[in-house]
Amino acid sequence: MNTDEHASEGSPLVRAALYGGIPAACFLYLLSISWLKWGDLLVDTFREMQVCQLILNGRVLYADFNYEYGFLMPYAMSALCRITGLTIGTFIGLGIGITALTAFLVYRIARVFMDRILSAAAVITFLFVFAFGCYRYHGIFNYILPYSFAATGFVLFQLAALYGFTRFVLGRRSGHLVLWVAGLTLGFWTRPDLGALASAVYVAVALLHLAASWKSERRGQAVRLALGSLLPPVLGLAGYLMLSLQPGVAEGLRRSILQLVLASRTEEFTRLLFGLTEWKENIGGILGSLCFNVGSVALLAAGCVGVAGSVARKDFSARIFLGVASIVLVFLVSARYLNAREVQYRGLPVLLIAGIVVSLARIMARREVAANTARLALFAVATALLMRILLSVSPAAYGFCLAVPALIGYYFVLVQIPSDILAARGQVLARGLFQAVAACFFLFHLSWYWRASLLMYSQMNLRVTADAGTLVCRDDATTRRCL
């Protein structure tokens with residue numbers, strides 16, 4: 001599926017420097033510029049540390065205190081704290097590890113579907129927009145010191161499952177099947193609500209793949225896939241059943257996960273998250289986002305075709321000028337547009353649903369069944385994880401951290417598919433130019449998000465040190481009064 005898998009792109013050292021070194025340098029830069037400025041001293045950030053302290057003191061999760069997520073992360077973090085100590089540094093180290101693994105899996109999954117330059121661009125976008133993004137005064141979520149490691153851990157496990165699924169569908173290796181089942185099971189133990197949803201999506205995709213492959217040589221693989229899709233729900237429920245053998249845990253599970261989750265998802269809260277309270281404005285934002293993304297990509301592609309055609313014919317006339325002018329115009333106009341309205345990702349659900357429809361149609365037509373099954377899994381899982389904010393997708397939105405698989409689909413639909421169309425039409429030079437320009441275009445817009453984050457980080461200049469470690473927070477009246 002990744003069309004440059006066997007293409008010559010220079011020496012391995014050059015490739016490692018470009019596609020591994022640049023994202024790694026971005027990661028280190030973001031770490032240094034935001035060091036110890038994650039989270040909030042007063043709101044939510046230290047909930048995970050308190051949960052671990054209770055467990056280390058002999059308290060039983062769910063039986064002795066409420067916890068609305070799965071059991072895996074609290075017990076895993078407590079085990080880590082037992083070794084390294086209950087300090088902020090332990091949680092920061094864990095967050096750095098989860099972020100690095102997530103970035104690695106973003107690249108590996110993207111490489112299944114896209115060329116290297118787009119895969120690297122997806123990783124850089126994840127780091128700037130997701131992992132270190134901070135867009136409002138109380139926007140305290142980040143991947144290094146999140147107020148819920150259940151969220152970042154769940155994303156990591158879902159990416160592992162998605163990578164295992166796609167690689168098994170395309171290559172049939174049993175190790176990838178095990179990775180898929182393990183990732184889904186761990187996700188179920190981390191966020192049972194979202195884990196159950198993701199498992200249901202994979203069951204549906206696996207059964208569809210089985211039906212489409214029944215009369216082909218891949219039938220055996222499809223049967224293994226369908227049977228494997230049943231394991232994560234079984235193993236996930238088995239984990240909770242074993243846990244509930246402890247006194248008081250069964251009632252605590254019901255109280256914590258069911259009642260607390262439902263209580264925090266009131267009808268008004270759900271409507272606000274989904275985007276129904278301002279649905280007209282949100283629909284307008286989605287349409288504006290689609291016009292911006294699709295229109296920008298179309299103009300960039302047209303400009304690159306014009307430039308590449310002029311270069312190939314050595315005809316440096318008005319055509320190459322128009323091509324360059326259209327590319328520059330897209331950069332300038334979109335920069336002004338995005339500065340005014342944060343709409344870049346609002347159209348994500350429509351792009352993903354379009355990907356689902358096209359993949360389904362190609363599977364039903366028995367065209368590249370394995371490849372389109374992998375694409376269907378990407379689009380369907382990404383859409384399922386976006387359901388809570390379907391009409392209001394924005395980096396500042398509650399729950400946007402779950403949109404990492406959707407980010408891969410975003411680059412695939414907007415850049416890789418047009419690139420493949422250009423390649424199919426014999427526009428090899430235009431294809432390479434378009435990929436480079438499009439990657440620069442979308443990375444250029446990271447500056448808007450990072451300027452907003454830098455503004456938030458610049459307001460954090462009060463260094464607070466305690467026995468558990470040090471953090472830098474906002475020097476405002478509320479913080480000083482509480483301290």
Side-chain angles (χ1 to χ4, degrees), residues 34 36-82 84-99 130-134 136-157 187 189-195 243 249 252-253 255-266 269 273 388 397-402 460 464-474 478-479 482-483:
S34 65
L36 300 181
K37 296 181 178 181
W38 309 296
D40 192 289
L41 281 177
L42 308 180
V43 183
D44 289 343
T45 297
F46 293 94
R47 179 183 60 177
E48 302 287 54
M49 182 177 289
Q50 183 183 22
V51 168
C52 291
Q53 186 175 36
L54 291 171
I55 293 175
L56 292 174
N57 290 339
R59 306 286 291 276
V60 179
L61 190 69
Y62 305 123
D64 296 328
F65 60 94
N66 293 327
Y67 185 74
E68 61 265 40
Y69 304 123
F71 63 86
L72 179 61
M73 293 308 293
Y75 282 116
M77 291 186 296
S78 299
L80 181 62
C81 290
R82 196 179 298 276
T84 61
L86 188 65
T87 66
I88 294 174
T90 297
F91 292 90
I92 290 175
L94 177 61
I96 291 174
I98 289 177
T99 305
F130 290 79
F132 293 90
C134 183
R136 55 190 179 188
Y137 192 81
H138 292 295
I140 64 174
F141 191 87
N142 62 87
Y143 267 71
I144 304 300
L145 191 61
Y147 56 77
S148 173
F149 274 97
T152 56
F154 177 78
V155 172
L156 175 64
F157 297 141
W189 290 343
T190 304
R191 287 289 300 267
D193 52 343
L194 297 175
L243 188 69
V249 170
L253 274 169
R255 181 181 65 248
S256 295
I257 294 182
L258 293 181
Q259 291 185 356
L260 284 179
V261 169
L262 292 176
S264 64
R265 304 295 185 266
T266 62
F269 183 69
L273 282 182
R388 293 169 64 190
Y398 178 84
F400 185 77
C401 62
L402 301 175
M460 300 178 185
V464 179
T465 301
D467 293 339
T470 299
L471 277 184
V472 180
C473 62
R474 292 181 178 86
T478 303
T479 302
C482 293
L483 288 175

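- In terms of heavy-atom proximity, Cys401 sits nearest to Val155 at O-CG2, 3.6 Å.
- Looking at Arg388 and Tyr398, their side chains come closer than 4.5 Å, going by heavy atoms from C-beta outward.
- Every residue two or more places apart in sequence or in another chain that forms a side chain to side chain donor-acceptor pair (under 3.5 Å) with Arg47 is listed here: Glu68.
- Among residues two or more places apart in sequence or in another chain, the side chain to side chain donor-acceptor pair (under 3.5 Å) test is passed with Thr90 by Thr84, Thr87.
- Taking the six-membered ring where tryptophan is involved, the planes of Phe91 and Phe149 are tilted, since the angle between them lies from 30° to 60°.
- With sequence neighbours excluded, the residues forming a side-chain contact (heavy atoms from CB on, under 4.5 Å) with Ala63 are Val60, Val249, listed by chain and number.
- Residues passing the ring-ring contact (aromatic ring centres under 6.0 Å, His included) test with Tyr143, sequence neighbours excluded: Phe126.
- From Asn142, atom CG reaches atom CZ of Phe132 across 8.0 Å, with rounding to the nearest 0.5 Å.
- Taking OG of Ser78 as the start and CE of Met73 as the end, the distance is 10.5 Å to the nearest 0.5 Å.
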Throw together a table of side-chain donor-acceptor distances under 3.5 angstrom for residues 50-57, partners on residues two or more places apart or in other chains.
unit_1, atom_1, unit_2, atom_2, d
Asn57, ND2, Gln53, O, 3.2

Yes or no on side-chain contact (heavy atoms from CB on, under 4.5 Å) for Leu471 and Leu145, after CA distance, side-chain angles and deciding distance?
CA-CA 11 Å; Leu471 277 184; Leu145 191 61; 4.0 Å; yes

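- Between the side chain of Arg59 and the backbone N or O of Asp64, at least one donor-acceptor pair lies under 3.5 Å.
- Atom CZ of residue Arg191 and atom OG of residue Ser148 lie 6.0 Å apart, to the nearest 0.5 angstrom.
- One finds the OG1 atom of Thr465 at 9.0 Å from the CG atom of Leu36 (value rounded to the nearest 0.5 Å).
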Start with the C-alpha gap between Phe65 and Tyr67, add the side-chain angles, then the distance that decides, and say whether ring-ring contact (aromatic ring centres under 6.0 Å, His included) holds.
CA-CA 7 Å; Phe65 60 94; Tyr67 185 74; 7.4 Å; no

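- Using a 4.5 Å heavy-atom threshold, the side chains of Ile88 and Thr470 count as separate.
- Here CH2 of Trp38 is found 11.0 Å from CE of Met460. Values are rounded to the nearest 0.5 Å.
- With sequence neighbours left out, the ring-ring contact (aromatic ring centres under 6.0 Å, His included) criterion links Phe71 to Trp189, Tyr240.
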